[in-house]
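To start, the structure itself, in structure tokens.
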Amino acid sequence: MRGLVKFTMKSGVFIVLFAQQSFEQALDTVKAAGLQAVEIGTGGFPGTAHVNAREIVNDDAAIRGIREAVDSRGLTISALSCHGNPLHPDKATAQSDHEDFVATVQLAEKLGVDTVITFSGCPGDSEGAKYPSWVTCPWPPDFLTVLEWQWNEVAIPYWKEQSAFARKHNIKIAIEAHPGFLVYNTETALRLRSEAGDNIGVNFDPSHLFWQGMDPIECVKALGDSIYHVHAKDTKIDKRNTALNGVLDTKHYGDILNRSFVFRTVGYGHDDEFWKDLVSTLRLVGYDGVISIEHEDGIMSVNEGFTKAAGFLNSLILKESAGEMWWA
């Protein structure tokens with residue numbers, strides 16, 4: 001039996017890519033490329049080139065200016081992003097990233113944006129730690145002791161509080177699964193959601209899943225309605241380097257020839273069939289929001305990577321939206 005599914009998905013971009021442009025110039029670039037939405041960095045690792053949430057959260061005129069600049073170009077804001085590590089063992093770092101998150105949630109509510117993106121964070125191995133400690137294996141057993149403490153004593157209490165805070169402001173928290181943090185795959189994302197609050201979901205970025213040996217299509221099916229936002233970024237796996245050294249690669253991202261994997265512009269790590277399947281599967285689980293380009297391609301320039309990604313994504317979405325798609 002077949003049925004029709006209405007298609008309203010939009011293409012967008014994470015505009016930290018255009019940090020050297022003014023906010024208005026960045027919006028013009030997005031509009032000229034035929035995209036429909038922007039994801040805005042407001043603190044943390046993305047920086048504050050365009051919007052500093054802490055500085056403007058109580059500035060009504062500045063907030064109105066952002067809204068008018070976006071609306072006047074026929075664009076929408078898909079999310080505000082403040083990826084950071086609020087669980088960092090260095091108290092000053094943790095506090096700074098936490099304050100960015102709090103201000104971003106408050107700003108999102110005032111802008112009429114319902115999603116804030118960040119990382120889960122990663123604590124150290126104990127109260128006296130200096131740097132984060134990411135556990136990747138269960139033996140020696142010290143690692144499991146560390147992991148239990150990180151989750152039960154640090155992450156879950158923190159995110160329970162943030163879930164309640166975000167709920168008061170009608171905001172969904174989209175955690176980007178990323179190695180190096182407690183939430184890095186499907187089961188850790190679902191664990192945080194289950195134990196801390198159902199308004200905590202994911203920013204689905206397949207590029208971080210590819211190199212761990214995961215199948216993003218199956219991940220989408222498992223995550224279902226916990227997917228609050230989606231990034232369009234690809235990964236190229238180097239078969240020889242991976243065969244020699246595996247995927248836990250700590251070489252600099254600039255050492256492209258010798259790395260086991262590198263991030264690529266959409267379509268340069270996996271072909272059209274994968275991306276079409278991804279969009280279709282997202283629709284099947286009920287996601288009909290924005291697919292936001294994130295450019296971290298070490299081979300292409302900003303202009304080349306963005307232009308190719310926008311063309312690829314627009315073509316993909318245009319084909320899907322040419323009419324409702326038939327599902328088997």
**Message:** Hydrogens and angles aside, do Ser11 and Asn314 bring a side-chain donor and acceptor to less than 3.5 Å of each other?
**Reply:**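 On atom types as modelled, these side chains qualify, holding a pair under 3.5 Å.
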Given a cutoff of under 4.5 Å between side-chain heavy atoms of I, L, V, M, F, W and Y, with clusters grown through shared members, what are the other residues clustered with [X]?
X: Trp139; result: none
X: Val16; result: Phe14
X: Val262; result: Ile256, Ile299

**Prompt:** Are Tyr228 and Phe204 close enough that their ring centers fall under 6.0 Å?
**Reply:**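 For Tyr228 and Phe204, the ring centres are not under 6.0 Å apart.
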**Request:** Determine, using ring centers only, whether His98 and Tyr158 are less than 6.0 Å apart.
**Result:**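 So the answer is yes for these two rings.
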**Asked** Taking the six-membered ring of Tyr287, is NZ or CZ of Arg283 closer than 6.0 Å to its centre and within 45° of its axis?
**Response**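 No, cation not above the ring by the 6.0 Å, 45° rule.
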**Prompt:** Quick one: do Phe119 and Trp151 end up in the same hydrophobic cluster if we chain Ile, Leu, Val, Met, Phe, Trp and Tyr together by side-chain heavy atoms under 4.5 Å apart?
**Reply:**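 Per the 4.5 Å side-chain linkage, Phe119 and Trp151 are not co-clustered.
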**Request:** Taking all non-hydrogen atoms of both residues into account, name the closest pair between Ala94 and His88 and its distance.
**Result:**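 Closest approach of Ala94 to His88, heavy atoms only: CB-O, 3.4 Å.
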**Prompt:** Side chains of Trp149 and Pro123: closer than 4.5 Å at any heavy-atom pair?
**Reply:**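 Yes, at least one pair of side-chain atoms sits under 4.5 Å.
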**Prompt:** With sequence neighbours excluded, what pairs up with Val135 under the side-chain contact (heavy atoms from CB on, under 4.5 Å) test?
**Reply:**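 Residues passing side-chain contact (heavy atoms from CB on, under 4.5 Å) with Val135: Phe143, Val146, Leu147, Gln150.
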**Request:** Please list, chain by chain and in numerical order, all residues satisfying side-chain contact (heavy atoms from CB on, under 4.5 Å) with Ala61, sequence neighbours excluded.
**Result:**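 With neighbours one apart ignored, the set is Asp59, Arg64.
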Residues 208-218, side-chain donor-acceptor partners within the protein, below 3.5 Å, at least two apart:
unit_1, atom_1, unit_2, atom_2, d
His208, NE2, Glu176, OE2, 3.0
His208, NE2, Asp205, OD2, 3.3
Gln212, NE2, Tyr184, O, 3.0
Gln212, NE2, His208, O, 2.8
Asp215, OD1, Ile217, N, 3.0
Glu218, OE2, Lys221, NZ, 3.2

**Request:** Report the relative orientation of the aromatic rings in His231 and His83; use parallel for angles under 30°, tilted for 30 to 60°, perpendicular for over 60°.
**Result:**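 Because their plane-to-plane angle is under 30°, the rings of His231 and His83 count as parallel.
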